[in-house]
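Remarks on the structure that follows.
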Amino acid sequence: MLKLDQEVWNFDDKCFRKMGNIKLVTARKHEILEEFRFRLATQMKTRVFFLNAHCFNIAQKNSGYLRNLNAAEFVLNDGVGVELGARAFHISFSENLKVTDFTPDVLEILNQEKMSLYLLGGSPGVAEEAAENILKEFPDIILSGTSNGFFTDPIEVLNDINQVKPDLLLVGMGVPAQEGWISHYFEELDATLIMGVGAYFDFAAGNTTTAPALIRKIRMEGVYRVLLEPKRMFKRYVVGNVQFCIHIFKLSRLHNHGT
């Protein structure tokens, strides 16, 4: 159990760096998780978003999404693309904090502390399926509720969440919609840790499979997904990666000229 009288955290400005025009966390995973444990225990309201190359591209065209990212307390590196792109700004990450791998680590904290969880997002029935599988793996989590992402009345969803006051709210509505919803209602939400988790519910529900361990180890998940779904993923992983490199080149030139 967390001992709140022991000051063991040292999260300050040195743990954050700008990758072009987006502020990212550069601390180690175990440090971030302990910070999250502390924030959950002390009910310190916190937004957590993830950034991959695709998200970076969207942020360069969508100023609202860019503002939402930079307003969040934590933006975590998701994927090898961001890791490689960050090197142009002399930033290195010790680990890849991929949303589908990192979210279960946060759920483990909830399980250990017997805290509550609410799932918002996905197609009808997906959040329920995801919750069922999560509780099989983490039986001491208290499930406060679920709601799909195709709601018509956001205030009704907000009230449902606030009625149960979850310790952890996972929002899986896709980028940039989930960041927009979280940011818009952040002050009104009665939840502590609020994470935008994209397609994590589909993975948790078993509707989408992760790449084999070897593929993940050699960091070729993008190639794997293009091979599985060439029509849908070609634009994102092939065309998108070219666009990402162009954005990184332009922003790194501005960064280097300014230093």
Item to complete: State, yes or no, whether a side-chain contact exists between Asp202 and Val126 at a heavy-atom distance under 4.5 Å.
Response: yes
Worksheet entry | Main-chain N/O of Phe249 paired with Ser252 side-chain donor or acceptor, under 3.5 Å | yes
Worksheet item: In a check of side-chain contact (heavy atoms from CB on, under 4.5 Å) between Leu169 and each of Asp190, Leu193, Leu120, Ile182, which one passes?
Response: Leu120
Discussion item. For Phe74 and Phe16, take the angle between the two ring planes, folded into 0 to 90°, and tell me which bin it lands in: parallel under 30, tilted 30 to 60, perpendicular over 60.
Written reply: tilted
Worksheet item: Minimum heavy-atom separation for Pro166 to Ser116, with atom names?
Response: CA-OG, 3.3 Å
Discussion item. Using every non-hydrogen atom in the two residues, find where Asn241 and Ala53 come nearest and quote the distance to one decimal.
Written reply: OD1-CB, 4.2 Å
Worksheet item: Shared ILVMFWY cluster between Ile58 and Phe56, side chains joined below 4.5 angstrom?
Response: yes
Fill in: Flag, side chain of Glu73 to backbone of Val48, donor-acceptor distance under 3.5 Å
no
Worksheet item: Do Leu189 and Ile142 belong together in a cluster built from hydrophobic side chains that touch within less than 4.5 Å?
Response: no
Worksheet entry | Same cluster (ILVMFWY, side-chain, under 4.5 Å), Ile109 and Phe138 | yes
Worksheet entry | Any side-chain heavy-atom pair of Ile246 and Lys250 under 4.5 Å | yes
Worksheet item: For Phe186, is the NZ or CZ atom of Arg47 found under 6.0 angstrom from the centre of its six-membered ring and inside 45 degrees of the ring axis?
Response: yes
Response to the item:
Shortest non-hydrogen pair, Ala130 vs Leu119, comes out as CB-CD2, 3.9 Å
Item to complete: Side-chain contact test, heavy atoms from C-beta onward, threshold under 4.5 Å: evaluate it for Pro139 versus Asn111 and give yes or no.
Response: yes
Response to the item:
Heavy-atom nearest pair, Phe244 first then Asn57, reads CA-OD1, 3.2 Å
Fill in: Test item: Asp160 and Tyr118 side chains (from C-beta on) under 4.5 Å apart, heavy atoms
yes
Worksheet item: Which residues pass the side chain to side chain donor-acceptor pair (under 3.5 Å) test with Thr192, sequence neighbours left out?
Response: none
Fill in: Side-chain heavy atoms of Phe201 within contact of Ile134, under 4.5 Å
no
Discussion item. Can a donor-acceptor pair be found, under 3.5 Å and without considering hydrogens, that links the side chain of Asp140 to the backbone of Gln112?
Written reply: no
Response to the item:
Scanning both residues in full, the closest heavy-atom pair of Leu69 with Val75 reads O-CG2, 3.2 Å
Worksheet item: Taking C-beta and beyond as the side chain, do Tyr185 and Ile155 meet within less than 4.5 Å on heavy atoms?
Response: yes
Item to complete: Kindly indicate, with the supporting measurements, whether the criterion side-chain contact (heavy atoms from CB on, under 4.5 Å) is fulfilled by Tyr65 and Ser183.
Response: CA-CA 10 Å; Tyr65 176 51; Ser183 300; over 6 Å; no
Worksheet item: Is there side-chain contact between Leu33 and Val106, with at least one heavy-atom pair below 4.5 Å?
Response: yes
Practice prompt. Kindly indicate whether a cation-pi arrangement holds for Lys18 with Phe89, taking the cut-offs as under 6.0 Å to the six-membered ring centre and within 45° of the axis.
Written response: no
Donor-acceptor list for residues 19-30 side chains, cut-off 3.5 Å, not counting sequence neighbours:
residue, atom, partner, partner atom, Å
Asn21, OD1, Gln60, NE2, 3.3
Asn21, ND2, Gln60, OE1, 2.9
Thr26, OG1, Cys15, O, 3.2
Lys29, NZ, Asp105, OD2, 3.1

Item to complete: List the atom of Lys45, the atom of Glu187, and the distance in Å for their closest heavy-atom pair.
Response: NZ-O, 3.2 Å
Discussion item. Under 4.5 Å between side-chain heavy atoms, counting indirect links through other Ile/Leu/Val/Met/Phe/Trp/Tyr residues: same cluster for Leu158 and Val164 or not?
Written reply: yes
Worksheet item: So do Asp167 and Leu117 actually touch side chain to side chain, heavy atoms under 4.5 Å?
Response: no
Worksheet item: Are Phe150 and Val197 in one and the same hydrophobic cluster, where Ile, Leu, Val, Met, Phe, Trp and Tyr link if side-chain heavy atoms are under 4.5 Å apart?
Response: no
